[in-house]
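The model shown is predicted, which means the values in this text are computed figures rather than measured ones.
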Amino acid sequence: MSIFPKTLSLPPLLSRHRNRQRSLCALLCTVLTFTSILPLPTLAQNYYNLPDLGDVSQTDLTPAQERKLGDSIIHDLRASGGYMDDPEVNDYLDTLGHRLLAAGSNSRLDFDFEFFAVPDPSINAFALPGGFIGVNTGLVLLAQSESELASVLAHEITHVTQHHLARMASTQKDALLLSLAALAAALVAAQSHSSSSGQMAGAAIASAQALAIQTQINYTRENEYEADRIGFQRLRAAGFDVTAAATFMTRLLRSSRFNDGDAPSYLRTHPVTIERIAEAQARAERVSYKQVADSIDFHLVRALLQSYLGSPKEAVSFFEDALRARKFNNEDATHYGLAAALLRAKDYDRAKKEISGLDKKLQHPMIDAMAGHIMMEAGDLDGAITRFGKAVERYPNKKQLVYDYPEALIRAGQNQKAVGFLEKQIIRFPDDGPLHEKAARAYSKLNRPFKEHAHQGEYYAWLGSPRAAIEQFDLALKNDSDASFQEKSALESRKREMQAELRERERNKAQGRSTP
């Protein structure tokens with residue numbers, strides 16, 4: 001897998017940064033942020049694959065129902081390009097998020113949390129049902145310290161742990177029904193190929209945003225204050241700068257005054273008031289101040305995201321100018337960003353020089369991954385395999401390296417070695433779609449159709465496409481000469497699971513069509 005996510009603009013790397021998909025993602029953020037999504041068999045459920053969770057009009061959503069709903073939304077985000085396919089960024093957010101979760105370990109968690117990036121330059125972060133927390137890349141770049149970013153994650157975590165989504169389920173049923181209908185209309189409009197589809201989507205998005213803000217503001221205020229208070233406690237317990245929340249909110253509020261009324265998405269879904277800022281400052285003043293240094297991971301991830309912006313030439317110029325003027329927060333990260341930009345620009349010789357300089361100063365998995373990618377793209381597959389192989393032994397849990405090593409092996413034609421590595425990783429991460437996709441490609445080159453189609457089916461299941469998964473499982477079972485009895489039985493069972501999921505989706509759609 002390239003170090004550049006498929007959601008960014010290198011062919012095919014920036015293929016998902018389209019206005020249509022940005023609109024979908026923005027709408028999801030607005031409608032879903034701090035909002036309980038009711039599983040209503042309506043027009044919205046007809047067009048959006050919300051699972052049937054039963055009648056929740058008399059009760060809050062259970063944790064199991066929240067997780068089921070969150071899984072469904074994540075599948076659709078992946079399919080639409082709203083989930084950033086960048087393991088470097090997602091690993092960092094997940095590590096930061098779980099550091100905050102561990103700081104509040106005295107309370108029982110109902111979910112296994114997952115933190116992920118959204119390829120959107122607008123400033124927003126949001127909590128989905130079931131422990132999924134998304135952060136727009138624009139917000140990561142706006143944060144001037146790791147503590148500021150951590151304060152946002154602590155706030156979002158609290159919305160989940162306090163079950164704000166479920167607690168609002170019974171109080172906002174009517175408004176959310178209309179919000180989901182607007183969401184469905186926007187999805188249909190954005191998927192239309194007509195010349196007016198952009199205007200249709202824009203109108204639907206505006207309607208959903210206005211409705212969400214107007215009808216939910218009272219509940220949002222109460223939840224925002226609770227998330228501020230408990231999030232502060234979690235931020236402090238994790239050892240971050242407790243002044244960061246007030247600092248970040250103040251910058252957001254000031255920046256909105258210079259945007260001609262076009263406030264950041266974060267302000268539309270997280271109303272920032274002078275009172276909230278004052279309370280955040282008062283909480284911080286009651287705690288002894290201590291300076292907290294940012295991790296090198298924070299600076300490297302921000303540099304990587306910055307390297308994705310604009311054309312390759314513009315990205316290179318940005319880092320060259322920063323180094324020339326010495327305007328940077330971290331010099332090593334700026335050199336790393338320049339290496340990433342030079343890789344985008346296919347200037348491999350200069351990229352090698354930049355990463356070589358960092359090699360002498362830092363030992364870090366992101367440096368190893370970047371060095372390996374420069375070698376791989378420059379055609380030095382043997383060098384890339386050696387670099388990735390050593391790095392993955394040193395950092396066995398870094399997903400970027402877990403993806404990169406077999407990718408280099410496949411490109412070098414060492415497919416048997418690739419599948420040996422991949423099968424071990426799939427035992428560790430059985431639900432990891434990209435690992436299954438790589439295994440399918442390697443088995444295809446080895447002419448082993450059962451394994452190829454079985455893994456391809458798992459990749460489609462990860463994407464939330466049960467019908468495509470079933471088709472692949474059928475192909476595998478028709479070409480099962482190299483499969484054991486246990487393997488065939490396991491795949492038959494997996495196929496039945498996908499068939500049950502597909503029947504549930506079709507039942508939901510049928511209910512939606514029959515609803516007046």
Side-chain angles (χ1 to χ4, degrees), residues 1 3 5 70 74 83-105 107 109 111-119 125-128 130-137 139-161 231 234-241 244-245 248 292-306 329-330 332-333 336-337 340 362-370 391-405 425 428-429 431-435:
M1 174 174 290
I3 200 163
I74 285 293
Y83 187 106
M84 191 172 190
D85 184 17
D86 190 317
E88 298 279 35
V89 181
N90 290 336
D91 269 358
Y92 168 70
L93 291 175
D94 210 55
T95 300
L96 182 61
H98 279 87
R99 174 180 167 182
L100 291 160
L101 286 166
S105 58
S107 58
L109 300 177
F111 314 107
D112 292 327
F113 277 70
E114 179 179 338
F115 301 82
F116 63 95
V118 177
F126 55 95
L128 296 177
F132 298 97
I133 293 178
V135 183
N136 285 22
T137 54
L139 188 143
V140 178
L141 288 171
L142 180 72
Q144 296 301 298
S145 72
E146 190 168 36
S147 292
E148 288 185 8
L149 179 58
S151 75
V152 174
L153 292 186
H155 184 102
E156 302 301 331
I157 287 170
T158 304
H159 281 299
V160 179
T161 59
R234 192 178 293 274
L235 189 72
R236 179 187 179 187
F240 289 103
D241 178 1
F248 190 70
V292 179
D294 299 327
S295 70
I296 185 61
D297 302 74
F298 171 73
H299 292 296
L300 291 176
V301 164
R302 290 182 78 249
L304 182 63
L305 290 175
Q306 186 67 50
N329 292 329
N330 183 282
D332 291 335
Y336 171 85
L362 293 174
Q363 186 179 76
H364 194 281
M366 290 181 70
I367 303 297
D368 285 321
M370 181 64 70
V392 81
E393 287 181 4
R394 197 159 49 237
Y395 308 107
N397 295 319
K398 293 299 292 185
K399 279 291 184 70
Q400 182 71 62
L401 295 169
V402 170
Y403 295 158
D404 290 338
Y405 181 51
Q425 299 306 314
R428 297 175 63 207
F429 310 109
D431 299 322
D432 191 296
L435 286 177

Side chains of Asp297 and Thr95, heavy atoms from C-beta outward: is any pair under 4.5 Å? no

Those residues at least two apart in sequence (or on a different chain) that pass side chain to side chain donor-acceptor pair (under 3.5 Å) with Asp112 are none

Between the CE atom in Met366 and the NE2 atom in His299, the distance rounded to the nearest 0.5 Å is 12.5 Å

dist Thr158:OG1 -> Leu153:CG (nearest 0.5 Å) comes out at 10.5 Å

In short, Gly70 meets Phe132 closest at the heavy-atom pair C-CE1, 3.5 Å

For Ser295, the side chain to side chain donor-acceptor pair (under 3.5 Å) test, sequence neighbours excluded, returns Glu146

Taken in chain and number order and not counting sequence neighbours, the residues that satisfy salt bridge (Lys or Arg N to Asp or Glu O under 4.0 Å) with Asp432 are Lys399

Nearest heavy-atom approach of Ala369 to Asp404 is CB-OD2, 3.9 Å

Given 3.5 Å as the limit, does a donor-acceptor pair link the side chain of His98 with the main chain of Asp94, or not? yes

side-chain contact (heavy atoms from CB on, under 4.5 Å) test vs Phe126 passes for just one of Ile133, Val135, Asn136, namely Asn136

Do the side chains of Ile296 and Tyr336 get nearer than 4.5 Å, heavy atoms only?
no

Check whether any side-chain heavy atom of Gln306 lies under 4.5 Å from a side-chain heavy atom of Leu141, and answer yes or no. yes

Q. Considering residues, nucleotides and ligands other than Arg99, do more than 12 of their heavy atoms fall under 6.0 Å from its CZ?
A. yes

* Quick one: are Leu304 and Asp86 in side-chain contact, heavy atoms under 4.5 Å? -> yes

Tightest non-hydrogen contact, residues Leu401 and Pro365, listed as CD1-CB, 4.0 Å

* Asked: For Leu142, does its backbone N or O pair with a side-chain atom of Gln144 as donor and acceptor, under 3.5 Å?
  -> yes

For a side chain to side chain contact (heavy atoms under 4.5 Å, CB included) check, start with the C-alpha distance between Tyr83 and Val118, then their side-chain angles and the critical distance, and finish with the verdict. CA-CA 5 Å; Tyr83 187 106; Val118 177; over 6 Å; no

Interatomic distance, CE@Met84 vs CG@Leu305, rounded to 0.5 Å, equals 5.0 Å

Residue set satisfying salt bridge (Lys or Arg N to Asp or Glu O under 4.0 Å) with Asp332, at least two apart, ordered chain then number -> Lys361

### Message
Donor-acceptor pair, distance only, cut-off 3.5 Å: does the side chain of Arg302 make one with the backbone of Ala333?
### Response
no

Looking only at heavy atoms, the pair that brings Ala127 and Val160 closest together is CB-CG2, 3.8 Å

Sub-4.5 Å side-chain heavy-atom contact between Tyr92 and Leu300 = no

| query | Got a donor-acceptor contact below 3.5 angstrom from the Asn90 side chain to the Ala117 backbone? | reply | yes

Next on the checklist: Can you classify the ring geometry of Phe113 versus Phe115 as parallel (below 30°), tilted (30 to 60°) or perpendicular (above 60°)?
Outcome noted: parallel

For Ala238 and Ala103 the tightest heavy-atom approach is N-CB, 3.6 Å

Quiz item: Any donor-acceptor pair under 3.5 Å linking the side chain of Arg234 with the backbone of Leu100?
Solution: yes

Residues Phe298 and Ser145: closest non-hydrogen pair is CZ-C, 3.4 Å

By salt bridge (Lys or Arg N to Asp or Glu O under 4.0 Å), Lys398 pairs with (sequence neighbours left out) none

Q. Do Leu93 and Leu149 have side chains that get closer than 4.5 Å, going by heavy atoms?
A. yes

Side chain to side chain contact (heavy atoms under 4.5 Å, CB included) filter on Gln363, not counting sequence neighbours, yields Arg394, Tyr395

